[in-house]
Amino acid sequence: MILLQAVTAYMALGELSKQEFSFRDAYALFGIREKLRLHAEFYAQEELKLAARYGKTDENGKLILNGNNTFDFKDKEGARSYNEKKRELACMEIKEPDFPVEIAAPSKISPYALEALALFVRFKEEV
């Protein structure tokens with residue numbers, strides 16, 4: 001599994017956690033999210049380091065953020081390097097935790113969340 005899969009699944013679990021599940025299923029989802037949280041936090045920290053390295057900074061060396069937490073690059077070479085390093089980060093192989101878990105299918109789920117959770121959750125239809 002690559003790091004980006006863990007990060008997108010973590011975000012999808014955040015979306016899915018707004019719905020109610022049985023205790024057993026909610027606990028299983030919580031367990032998955034906790035296992036993926038460290039990967040998501042690591043990715044966010046490393047991405048921020050890359051932004052600080054290749055983005056424009058103020059006189060104190062602090063990254064200058066635009067609206068919506070975006071930033072401008074120092075130069076074209078910085079943009080290329082950032083994208084290359086970010087791709088390497090996203091594609092970093094990580095140890096796959098014990099998955100998937102099986103839970104009842106939610107009443108609604110976005111295609112994004114369904115795709116992101118494919119490696120981690122098997123949804124079963126209630127009969």
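Only heavy atoms go into these numbers, but all of them, side chains included; no hydrogens, no water, no symmetry mates. Everything numeric in this text was worked out from a predicted model, so none of it was measured.
A side-chain donor-acceptor contact under 3.5 Å links Asp25 to the backbone of Ala104. Panel note: side chain Ser81, backbone Gly78; no donor-acceptor pair is recorded below 3.5 Å. Remark: side-chain polar atoms of Asp75 are paired, donor with acceptor, to backbone N or O of Glu77 under 3.5 angstrom. Side chain of Glu47 to main chain of Lys86: no donor-acceptor pair is present (N/O by atom type, distance under 3.5 Å, no hydrogens or angles).
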> Would Lys56 and Phe73 count as a side-chain contact (heavy atoms from CB on, under 4.5 Å) if you check the C-alpha gap in whole Å, the side-chain angles of each, and the deciding distance to 0.1 Å?
Replying inline: CA-CA 5 Å; Lys56 289 183 179 178; Phe73 293 103; over 6 Å; no

>> Test side-chain contact (heavy atoms from CB on, under 4.5 Å) on Phe30 and Leu13; report intermediate values, then the result.
In response: CA-CA 8 Å; Phe30 170 76; Leu13 284 165; over 6 Å; no

>> For a side-chain contact (heavy atoms from CB on, under 4.5 Å) check, start with the C-alpha distance between Leu16 and Ile109, then their side-chain angles and the critical distance, and finish with the verdict.
In response: CA-CA 7 Å; Leu16 197 59; Ile109 187 171; 4.0 Å; yes

> Could you walk me through whether Ile103 and Lys124 pass the side-chain contact (heavy atoms from CB on, under 4.5 Å) check?
Replying inline: CA-CA 6 Å; Ile103 65 166; Lys124 61 183 177 187; 6.0 Å; no

>> salt bridge (Lys or Arg N to Asp or Glu O under 4.0 Å) for Arg87 and Glu84? Distances and angles first, verdict last.
In response: CA-CA 5 Å; Arg87 186 173 28 263; Glu84 181 181 314; 5.7 Å; no

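Using a cutoff of 4.0 Å between basic side-chain nitrogens and carboxylate oxygens, Glu34 and Arg37 are scored as salt-bridged.
Other residues, nucleotides and ligands contribute at most 12 non-hydrogen atoms within 6.0 Å of the CD atom of Glu20. Summarising the local packing, CG of Asn60 is surrounded by more than 12 heavy atoms from other residues, nucleotides or ligands at distances under 6.0 Å. Annotation: Glu115, atom CD; neighbour count of heavy atoms from other residues, nucleotides and ligands within 6.0 Å does not exceed 12. Other residues, nucleotides and ligands contribute over 12 non-hydrogen atoms within 6.0 Å of the OH atom of Tyr112. More than 12 heavy atoms of other shown residues, nucleotides or ligands fall within 6.0 angstrom of atom NZ in Lys74.
Tyr82 and Phe71 have their aromatic ring centers within a separation under 6.0 angstrom.
The CD atom of Glu46 sits 7.5 Å away from atom CE of Met92, with the distance rounded to the nearest 0.5 Å. Distance check: Gln5 CD to Phe120 CZ gives 6.5 Å after rounding to the nearest 0.5 Å. Considering CZ of Phe42 and CD1 of Ile94, their distance stands at 10.0 Å, rounded to 0.5 Å. Here CG of Leu29 is found 10.0 Å from CD of Gln19. Values are rounded to the nearest 0.5 Å. If you take CD1 on Ile32 and OG on Ser17, they are separated by 12.0 Å, rounding to the nearest 0.5 Å. Atoms CG and CD, on Leu117 and Glu15 in that order, are 8.5 Å from each other to the nearest 0.5 Å.
Between Ala116 and Ala9 the shortest heavy-atom distance is O-CB, 3.4 Å. Shortest non-hydrogen contact noted between Ala51 and Leu63 is O-CD1, 3.3 Å. For the residue pair Ala52 and Thr57, the shortest heavy atom distance occurs at O-CG2, 4.0 Å. Nearest approach of Ala6 to His39, heavy atoms of both residues: CB-CB, 4.0 Å. When all heavy atoms of Tyr43 and Leu4 are compared, the closest pair comes out as OH-CD1, 4.3 Å.
Both Leu119 and Val7 sit in one connected hydrophobic cluster of ILVMFWY residues. Membership requires side-chain heavy atoms under 4.5 Å apart, directly or through other members. Leu50 and Leu48 fall within the same hydrophobic cluster, defined by Ile, Leu, Val, Met, Phe, Trp and Tyr side-chain heavy atoms under 4.5 Å apart, directly or through other members.
For Asn83, the side chain to side chain donor-acceptor pair (under 3.5 Å) test picks out no residue, with sequence neighbours left out.
Chaining together hydrophobic side chains whose heavy atoms lie under 4.5 Å apart places Tyr27 alongside Phe23.
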